[in-house]
K.L.:
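Next up is a structure, given as structure tokens.
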Amino acid sequence: MLIDSYNRVIDYIRVSVTSRCNFRCLYCMPNTPFEWEPKENVLSYEEMFEFLRLAIDEGVKKIRLTGGEPLLRKDLDKFIKMLYNYKHSLDLALTTNGYYLKEEAKKLKQAGLKRVNISLDSLKPEVAAKIAQKDVLQKVIEGIDEAIKVGLKVKLNTVVMGGINDSEILNLLEYARKKGVTIRFIEFMENERAYPGIKSVRSNEILNKIAKKYNFKELPKDNSASRYFQTDEGYVFGVIEPHSDDFCKSCNRIRLTAEGYLIPCLFFNESYNIKEAIREGDIQKAAEILREVVKNKPEKNDWQEEEVSTRAFWETGG
Ligand code: SAM
């Protein structure tokens with residue numbers, strides 16, 4: 001079992017399979033990066049699998065594939081199948097912008113994917129287009145419908161930005177409720193790559209807007225990054241509040257980037273690379289790096305002091 005120095009059990013890895021993305025969301029990648037990582041620096045699925053097998057043997061139970069946009073990488077379903085075949089009980093999840101889900105959802109489900117989180121930042125085509133800098137809404141909505149249809153467990157994620165989409169919180173909540181899926185409202189996390197001047201909306205403001213129409217009570221906290229609430233009618237929604245002091249207490253995750261960096265924390269600049277060890281077939285060394293990363297996982301993220309991250313979300317996978 002992987003246990004860090006603060007007694008947190010690390011049983012969850014988020015894997016960014018590619019840094020590339022087909023959206024240019026204002027809060028994440030508003031400008032195309034100057035240079036993409038050359039292909040030879042990116043781990044192959046086989047190399048990622050070698051490492052993940054080790055992590056699974058050490059007690060990892062949940063793997064979430066993310067990016068960039070994970071569905072831009074070819075044959076993602078084959079990678080999911082490799083993981084599923086290794087251990088059927090793995091909690092296999094995906095985070096996507098939904099653009100290619102209509103075409104891919106069925107294959108992914110058949111390969112062993114269980115859950116999918118889909119980013120949905122607006123229900124107004126022009127606002128969605130302003131945020132993603134591309135006309136995306138129709139395809140995303142079709143992707144959500146297809147994921148539900150093929151039986152994936154769906155959650156929606158909305159990054160709330162003052163003056164951009166904060167007036168849509170109730171509409172988004174009601175849309176999600178009608179679809180029978182959970183929505184989570186995420187506080188925008190300030191970072192150097194984001195479009196300048198975006199205003200984060202704190203969870204208390206989000207909850208106040210919802211409280212204007214619905215009575216709700218907080219549910220007991222689990223070890224996910226969210227706080228969940230239930231309306232009197234029984235609908236469950238969540239908020240993700242990285243600005244809160246409690247955010248790191250229940251953190252059970254580490255991150256692997258497409259280039260092999262193993263990152264103990266989203267807002268912590270230290271990282272370790274497993275690529276060399278994996279490419280040399282030195283599993284012992286990769287296992288040592290994994291244990292080192294877990295041991296050095298910080299109690300809290302650095303960002304709580306600086307309030308602006310230098311790391312790109314499309315590299316760490318958010
Ligand atoms: N392309 C996929 C997507 O759109 O969901 C996966 C990658 S994206 C980096 C993963 C998550 O990070 C998304 O839910 C996105 O909303 C979130 N994210 C990215 N930048 C963020 C920021 N500055 N603040 C809060 N959440 C952010």
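Values in this document were obtained by computation on a predicted structure and should not be read as measured data. Along the sequence shown, the residues carry numbers beginning at 1. Whatever order the structure lists ligands and atoms in, that order sets their numbers, starting from 1.
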K.L.:
Just which atoms of ligand 1 are under 4.0 Å from any heavy atom in Asn191?
P.N.:
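Near Asn191, the atoms of ligand 1 are 23 (N).
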K.L.:
Would you mind reporting whether Asn22 and Val136 have side-chain heavy atoms less than 4.5 Å apart?
P.N.:
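Counting from C-beta outward, Val136 and Asn22 never come under 4.5 Å.
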K.L.:
To the nearest 0.5 Å, what is the distance between CG (Leu52) and CD1 (Ile274)?
P.N.:
8.0 Å
K.L.:
Residue-level breakdown please: for Asn97 versus ligand 1, do any non-hydrogen atoms fall below 4.0 Å on the side chain, on the backbone, on both, or on neither?
P.N.:
both
K.L.:
What is the nearest protein non-hydrogen atom to atom 16 (O) of ligand 1, stated with its residue, atom name and distance?
P.N.:
Val159 CG2, 3.1 Å
K.L.:
Once you round to the nearest 0.5 Å, how far does CZ of Phe51 lie from CG of Leu290?
P.N.:
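It is 4.5 Å, given to the nearest 0.5 Å.
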K.L.:
Mind checking whether Asp121 and Phe23 have side chains closer than 4.5 Å, heavy atoms only?
P.N.:
no
K.L.:
Pairs of nitrogen or oxygen atoms closer than 3.5 Å, one from Thr95 and one from ligand 1: do any exist?
P.N.:
no
K.L.:
Are any non-hydrogen side-chain atoms of Val150 and Lys106 less than 4.5 angstrom apart?
P.N.:
yes
K.L.:
Nearest protein heavy atom to atom 10 (C) of ligand 1, by residue and atom, and its distance?
P.N.:
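Of the protein heavy atoms, Gly317 O, 3.6 Å lies nearest.
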K.L.:
With a sphere of 6.0 Å drawn around NZ of Lys139, does it hold more than 12 non-hydrogen atoms of other residues, nucleotides or ligands?
P.N.:
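Yes, because the 6.0 Å sphere around NZ of Lys139 holds more than 12 heavy atoms from other groups.
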K.L.:
With a heavy-atom distance limit of 4.0 Å, tell me whether Glu187 approaches ligand 1 through its side chain, its backbone, both, or neither.
P.N.:
backbone
K.L.:
Below 4.0 Å, non-hydrogen atoms only: which portion of Thr66 touches ligand 1? Side chain, backbone, both or neither.
P.N.:
side chain
K.L.:
What's the shortest distance from atom 13 (C) of ligand 1 to any protein heavy atom, and which residue and atom give it?
P.N.:
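It is Ser119 OG, 3.6 Å.
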K.L.:
Going by heavy-atom distance to atom 2 (C) of ligand 1, choose the closest among Glu69, Arg20, Met29.
P.N.:
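Shortest heavy-atom distance from atom 2 (C) of ligand 1: Glu69.
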K.L.:
At a 4.0 Å cut-off, with the gap strictly under it, does some heavy atom of Gly68 reach an atom of ligand 1?
P.N.:
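The answer is yes: ligand 1 sits under 4.0 Å from a heavy atom of Gly68.
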K.L.:
So is there a nitrogen or oxygen of Met189 less than 3.5 Å from a nitrogen or oxygen in ligand 1?
P.N.:
yes
K.L.:
Please give me the minimum heavy-atom distance between Phe49 and Met82, naming the atom from each residue.
P.N.:
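Heavy atoms only, the tightest pair is CE1-O, 3.5 Å.
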K.L.:
Which ligand 1 atoms, with their elements, are less than 4.0 angstrom from a heavy-atom of Asn157?
P.N.:
14 (O)
K.L.:
Closer than 3.5 angstrom, by distance alone: can the side chain of Lys221 be matched with the main-chain N or O of Ser226 as a donor-acceptor pair?
P.N.:
yes
K.L.:
Evaluate the side-chain proximity of Phe185 to Ile210: yes if any heavy-atom separation is below 4.5 Å, no if none is.
P.N.:
yes
K.L.:
Determine whether the side chain, the backbone, both or neither of Asp121 has a heavy atom under 4.0 Å from any heavy atom of ligand 1.
P.N.:
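Asp121 to ligand 1: no contact under 4.0 Å from either part.
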K.L.:
Who's the nearest protein heavy-atom neighbour of atom 15 (C) of ligand 1, and how far?
P.N.:
Tyr27 CE1, 4.0 Å
K.L.:
Examine Arg14 against ligand 1 and note whether any of their N/O atoms are separated by less than 3.5 Å.
P.N.:
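There is no such contact.
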K.L.:
Give me the residue, atom name and distance of the protein heavy atom closest to atom 19 (C) of ligand 1.
P.N.:
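In this structure, atom 19 (C) of ligand 1 has Phe313 CD2, 3.5 Å as its nearest protein heavy atom.
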K.L.:
Can you tell if the side chain of Ile80 reaches within under 4.5 Å of the side chain of Leu92, non-hydrogen atoms only?
P.N.:
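They are in contact (side-chain heavy atoms under 4.5 Å apart), so the answer is yes.
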K.L.:
Under 4.0 Å, counting heavy atoms only: does Ala194 come that close to any atom of ligand 1?
P.N.:
no
K.L.:
Does the side chain of Arg64 come under 3.5 Å of the side chain of Thr95 through a donor N or O and an acceptor N or O?
P.N.:
yes
K.L.:
Given side chains that start at C-beta, do those of Leu207 and Phe237 come closer than 4.5 Å, heavy atoms only?
P.N.:
yes
K.L.:
What atoms in ligand 1 come closer than 4.0 Å to a heavy atom of Gly67?
P.N.:
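Counting from 1, the qualifying ligand atoms are 7 (C), 9 (C).
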K.L.:
Write out the residue and atom name of the closest protein heavy atom to atom 12 (O) of ligand 1, then the distance separating them to 0.1 Å.
P.N.:
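Residue, atom and distance for the closest contact: Gly318 CA, 3.7 Å.
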